[in-house]
Amino acid sequence: MRISEFRNGKAEARFRTSYEHALSQLWPEPRTSLDVPTGYGTTRVHRTGPEAGQPVVLLPGSGGNALMWHGYLDTLAQRHPVIAVDTVGEPGASVQSAPVRDGRDAAAWLEELLTALDLPAVHLVGCSYGGWIALNHRIHHPGRAAALTLVDPAGLADPGRRFYTWLIAGGLAATAPRPLRPRLARLVGNSAILESELMALMRASMGFRRRLPPATTLTDEELSRLDASVLFLLGERSALHDARKAAARLHRLAPAARVELVPRAGHALPTDDPAAVLAGILSTATGQAS
């Protein structure tokens with residue numbers, strides 16, 4: 001199995017320039033950026049917030065990086081150390097050196113990263129594919145993460161044709177002239193395309209070849225291991241899965257876990273309803289029901 005990489009040096013240089021520009025615009029100083037070696041490659045993380053407190057570790061969705069969380073940093077960093085991660089194998093500042101074959105490998109990468117950062121009892125926040133990684137980490141490395149907030153995570157059901165249609169429609173809408181994007185965002189149900197800096201970064205990543213495993217559906221036995229420290233935030237209109245069926249499956253298999261359907265939100269939940277996501281993260285960090 002091959003690794004994720006840029007098509008050529010020109011494509012990589014174009015992306016790196018766009019990434020540094022977006023970083024300067026979306027996440028100004030003060031912050032600390034670190035490159036952390038793991039067996040799967042060097043992982044870039046960005047830190048902000050106080051030194052003390054429960055660390056909140058933010059994992060992006062497929063095709064994204066740490067910068068997707070820029071709108072959450074100020075509030076989270078008031079109470080917690082915040083570590084936003086460029087997942088190895090995704091278009092970001094991390095550099096993959098070994099293949100990630102499955103969920104177990106993805107969990108092993110994350111465990112290595114948390115160990116290297118000396119972060120016990122963290123609060124993992126994962127969006128979409130990042131949520132799938134966080135779930136696999138909980139399954140294969142129980143005890144490391146004290147809490148999980150999963151923002152419309154992958155792995156609860158097999159994505160159907162509707163999801164891939166949604167992805168293609170969103171990708172096309174993101175290339176439209178900026179004045180047209182608000183209307184298109186409503187039509188395709190993807191508010192993320194209104195993030196101008198991130199959309200420019202996405203276009204710059206077209207020369208990146210992503211070679212990560214698909215987010216396989218977690219088994220009944222795996223989901224049954226989840227407890228009250230896990231919060232699922234599901235977009236009511238998610239294109240990734242039937243949110244109500246996913247919620248019913250979770251209630252049946254992991255009755256202690258918290259499951260919330262966010263009204264009128266889709267799979268782009270972090271931009272559809274950031275207030276609901278932020279409230280969920282903070283409530284899970286404090287151990288209080290929202």
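Using a distance-only test at 3.5 Å, with no hydrogens or angles considered, a donor-acceptor pair links the side chain of Asp86 to the main chain of Ala66. Between the side chain of Ser238 and the main chain of Gly235, no donor-acceptor pair closer than 3.5 Å is present. A donor-acceptor pair under 3.5 Å is formed between the side chain of Glu222 and the backbone N or O of Thr219. No donor-acceptor distance shorter than 3.5 angstrom exists from the side chain of Thr38 to the backbone of Trp109, with no hydrogens or angles considered. With Arg47 contributing its side chain and Leu34 its backbone, the two residues share no donor-acceptor pair below 3.5 Å. Under the 3.5 Å distance criterion, the side-chain polar atoms of Ser18 are left unmatched by any main-chain donor or acceptor of Phe15. Counting only distance, with no hydrogens or angles, the side chain of Gln96 and the backbone of Ser4 share a donor-acceptor pair below 3.5 Å.
Shown here are the salt bridge (charged side-chain N to carboxylate O under 4.0 Å, His left out) partners of Asp242, two or more places apart in sequence or in another chain: there are none. In terms of the side chain to side chain contact (heavy atoms under 4.5 Å, CB included) criterion, residue partners of Asp118 (sequence neighbours excluded) are, by chain and number, Pro120. Residues passing the side chain to side chain donor-acceptor pair (under 3.5 Å) test with Thr42, sequence neighbours excluded: none. Remark: Ala169 pairs with Val188 by the side chain to side chain contact (heavy atoms under 4.5 Å, CB included) rule, at least two apart or across chains. Residues forming a ring pair (Phe, Tyr, Trp, His ring centres under 6.0 Å) with His251 (at least two apart in sequence, or on another chain): none. Under the rule for a side chain to side chain donor-acceptor pair (under 3.5 Å), the partners of Ser229 that lie at least two apart in sequence or sit in another chain are Arg138, Asp227.
No side-chain heavy atom of Ile83 sits less than 4.5 Å from a side-chain heavy atom of Leu58. For the pair Thr271 and Leu194, the minimum side-chain heavy-atom distance is 4.5 Å or more. Residues Leu76 and Ile281 form a side-chain contact, since some pair of their non-hydrogen atoms from C-beta on lies under 4.5 Å apart. Side-chain contact between Val56 and Pro81: absent, with no pair of heavy atoms (C-beta onward) separated by less than 4.5 Å. Counting heavy atoms from C-beta on, the side chains of Leu117 and Val36 come closer than 4.5 Å. Contact check for Leu150 versus Val230: side-chain heavy atoms found under the 4.5 Å cut-off. The side-chain heavy atoms of Leu223 and Leu156, taken from C-beta on, include a pair separated by under 4.5 Å. Side-chain contact between Leu59 and Leu110 is present, with heavy atoms from C-beta onward closer than 4.5 Å.
Residue Met199 comes nearest to Ile193 through the heavy atom pair CG-O, 3.4 Å, listed as atom of the first residue, atom of the second, then distance. Shown here for Val259 and Ala247, the closest heavy-atom pair between the two residues is CG1-CB, 3.8 Å. The shortest heavy-atom contact between Pro30 and Thr48 is O-OG1, 3.5 Å. Pairing each heavy atom of Gly155 with each of Arg249, the nearest pair is O-NH1, 4.4 Å. Across all their heavy atoms, Leu231 and Gly280 have their closest contact at CD2-O, 3.5 Å. Residues Gly39 and Ser97 approach most closely at O-OG, 4.2 Å, considering heavy atoms.
Once rounded to the nearest 0.5 Å, the distance linking CD of Glu260 with CG of Leu234 reads 9.5 Å. Once rounded to the nearest 0.5 Å, the distance linking CG of Asp273 with OG of Ser191 reads 9.5 Å. Here OH of Tyr40 is found 14.0 Å from OG1 of Thr87. Values are rounded to the nearest 0.5 Å. The distance from the CG atom of Leu114 to the CZ atom of Arg144 is 5.5 Å, given to the nearest 0.5 Å. For the atom pair His46 NE2 and Leu67 CG, the distance stands at 5.5 Å (nearest 0.5 Å). Taking CG from Asp220 and CG from Leu253, the interatomic distance works out to 4.5 Å, rounded to the nearest 0.5 Å.
Summarising the local packing, CZ of Arg252 is surrounded by more than 12 heavy atoms from other residues, nucleotides or ligands at distances under 6.0 Å. Open room surrounds CD on Glu51; 12 or fewer heavy atoms of other groups in view lie less than 6.0 Å from it. Around the CZ atom of Arg183, the shell of radius 6.0 Å holds no more than 12 heavy atoms that belong to other residues, nucleotides or ligands.
Sorted by first and then second residue, the side chain to side chain donor-acceptor pair (under 3.5 Å) pairs involving residues 66-78 (not counting sequence neighbours) are His70-Glu195. The ring pair (Phe, Tyr, Trp, His ring centres under 6.0 Å) contacts involving residues 185-217 comprise Phe6-Phe208, where partners must be two or more places apart or lie in separate chains. Listed by first then second residue, pairs satisfying salt bridge (charged side-chain N to carboxylate O under 4.0 Å, His left out) with a partner in residues 88-108 read Glu90-Arg210, Arg101-Asp105, not counting sequence neighbours. A salt bridge (charged side-chain N to carboxylate O under 4.0 Å, His left out) check over residues 197-209, counting only residues at least two apart or in different chains, returns nothing.
Under the 4.5 Å side-chain heavy-atom criterion for ILVMFWY residues, no single connected hydrophobic cluster contains both Leu233 and Leu218. Put simply, Phe232 and Trp132 are part of the same group of oily side chains (I, L, V, M, F, W, Y) that touch within less than 4.5 Å, one to the next. Placement of Ile3 and Leu212 in two distinct hydrophobic clusters is found when ILVMFWY residues are connected by side-chain heavy-atom separations under 4.5 Å, directly or transitively. Under a hydrophobic-cluster definition in which Ile, Leu, Val, Met, Phe, Trp and Tyr are linked whenever side-chain heavy atoms come within less than 4.5 Å, directly or via other members, Tyr19 and Val95 are assigned to different clusters. Linking ILVMFWY side-chain heavy atoms closer than 4.5 Å, directly or via other members, places Val82 and Leu282 in a single hydrophobic cluster.
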Next on the checklist: Please evaluate residues Leu113 and Val57 with respect to the criterion side-chain contact (heavy atoms from CB on, under 4.5 Å), reporting the C-alpha separation (whole Å), side-chain torsions for both, the decisive distance (0.1 Å), and the verdict.
Outcome noted: CA-CA 11 Å; Leu113 177 65; Val57 176; 5.7 Å; no
Next on the checklist: Glu236 vs Arg264, test: salt bridge (charged side-chain N to carboxylate O under 4.0 Å, His left out). Steps then yes/no.
Outcome noted: CA-CA 6 Å; Glu236 183 183 42; Arg264 297 177 298 280; over 6 Å; no
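Taking 4.0 Å as the cut-off between side-chain N and carboxylate O, Arg16 and Glu12 count as a salt-bridged pair.
Residue Leu240 is found in a hydrophobic cluster whose other members, listed by chain and number, are Phe163, Tyr164, Trp166, Leu167; membership requires side-chain heavy atoms under 4.5 Å apart, directly or through intermediates.
Under the 3.5 Å distance criterion, with hydrogens and angles disregarded, a donor-acceptor pair is assigned to the side chains of Arg258 and Thr284. For the residue pair His241 / Asp152, a side-chain donor-acceptor distance below 3.5 Å is found, with atom types taken as modelled.
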Show the atom names and distances, to 0.1 Å, of all donor-acceptor pairs under 3.5 Å that link a side chain in residues 122-129 to residues at least two apart or in another chain.
unit_1: His123; atom_1: NE2; unit_2: Thr149; atom_2: OG1; d: 2.8
unit_1: Ser128; atom_1: OG; unit_2: His267; atom_2: NE2; d: 2.9
unit_1: Tyr129; atom_1: OH; unit_2: Pro213; atom_2: O; d: 2.7

